[in-house]
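What follows is one structure encoded as structure tokens, with my remarks underneath.
One-based numbering, in listed order, for ligands and for the atoms of each. Computed from a predicted structure; not experimentally measured.
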Amino acid sequence: MAPHDAADPPLEAMFKSYYNAVTAGNAMKPSSISQEKDVYAFSGADLLVDWAIENGMPVHGHTLVWHTQSPQWLNMNPDGTPLTRAQAKANLESFITTVAGHFSGRVHSWDVANEAFTDSVAEGVAWRDALRETPWYQAYANGADESSGEHPGDYLYDAFVCARLADPHAILYYLDFNEEYAGKREAMAGMTEEFNELWKTDARNTEPDRLLVEGLGLQAHYWTDEIKAANVEATIQRFIETGAVLSIAELDIPFGTYGTYLARTEAPTEDELAFQADLYRQLFEIFVKYADAIERVTIWGLADSLSWRGAGYPVLFDRYYDPKPTYFSVMGVVEDDTPPVTEPGEEPTPAPSEDAATPAPTATPPAEEPPEDASGFPGGLVAAIIAAAVLAVGLVVFFVRKKPKA
Ligand code: GLA
């Protein structure tokens, strides 16, 4: 969700009607909060966090350490060369202490680090060897004393420790994509287990029974032509073994694959929509099965037209903000534990309108093209992404508060 969405009556009403936890699409990323050393701008993020709190919705903070949408001062010199390890460590500590400290007590959880591993990780590769050579990694390599065990990937442990010290209330997550594949799954789990072991004897740990990496986030950016529910289940099972709680953090399932979806010019057929709805059903059946371990399911985009992958029609509502078969499929699982309400080929039932908080379908459809990403995310596709999340506390997956009238 973006701060301006809270001031857009149809979007605000839709959000309040269908969702009950908030992740900022961009407003809490490092580049949205600080462009210059020791200069912080919290107004956009504060607007969103205050709105969420006023409306009783927990906020998930996204994200503190990432290789993109992050200001250069954190880990690079003005000419783009890496800072030294000591300089980067000092900046990491001051950034996380300031940002996590600012939101302390107001956020439920944080993605402390996002996408630290390479896009794909081959099976059997040790987690340290699977790390992306991010600007943080390069700076931490610049002056690392490898003979005494220092490694460029140490920035990740430092980040988690700083976040814990700055906001002991927040649940600390590691988040990544392609998590459904065995190589990345093991890298994420291995790092989590190692950090939690290290933390047990860390002198800064004042809560011996508490993990350091307490949460693992599955980005869940899937594709209709690729996703296998069994792989997602295997990842959930492996992550549960680490002792962490889980979140399905950015779920969307566009039609096709990475290589094909942008070439698509036609709206999906009824059969395709039914196929997509069935994939959502399969996934939500798994999420419900492991509900004791999953504290949140977030859909990455309030409607297809507002999604960063809008060309693939990936989420639960269409460009008129009407519910799609995917929506009914999810509702069929989470509310009744029964098969999807919408059968293949059947028209979806309109959203409920008896409640003032529920918007009627908008008279003017939102723009077909996702709006420009104000934060300058490379790739040009990213809109003001709305992350709409589901019951964020209580370790239960539930998604939408109201069931549409039949
Ligand atoms: C990743 C990030 C998100 C978002 C998407 C693209 O998944 O975690 O914040 O930037 O990429 O929109």
Taking only heavy atoms of [X], which atoms of ligand 1 are found under 4.0 Å from at least one of them?
X: E115; result: 1 (C), 7 (O)
X: H221; result: 7 (O)
X: H62; result: 2 (C), 3 (C), 8 (O), 9 (O)

Would you say Q138's side chain and E133's backbone share a donor-acceptor pair under 3.5 angstrom?
->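 Side chain of Q138 to backbone of E133: a pair is present.
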For E193, which residues count as a side-chain contact (heavy atoms from CB on, under 4.5 Å) partner, sequence neighbours excluded?
->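 Result, side-chain contact (heavy atoms from CB on, under 4.5 Å) vs E193: R238, T242.
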Whether F317 and Y18 hold their rings parallel, tilted or perpendicular, with breakpoints at 30° and 60° |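 Aromatic pair F317/Y18 classed tilted.
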Short N/O distance, under 3.5 Å, between N114 and ligand 1?
->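 Between N114 and ligand 1, an N or O pair is found under 3.5 Å apart.
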Residue among Y222, W223, F255 satisfying ring-ring contact (aromatic ring centres under 6.0 Å, His included) with Y261 |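 Single ring-ring contact (aromatic ring centres under 6.0 Å, His included) partner of Y261 among Y222, W223, F255: W223.
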Which atom names give the shortest non-hydrogen contact between K29 and W66, and what distance separates them?
->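 Taking every non-hydrogen atom into account, CE-CZ3, 3.5 Å.
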Measure F177 to ligand 1 on non-hydrogen atoms and call it side chain, backbone, both or neither using the 4.0 Å cut-off.
->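 No part of F177 comes within reach of ligand 1.
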Quick one: which of R309, Q219, K29 has a heavy atom closest to atom 4 (C) of ligand 1?
->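 Nearest option to atom 4 (C) of ligand 1, by heavy atoms: K29.
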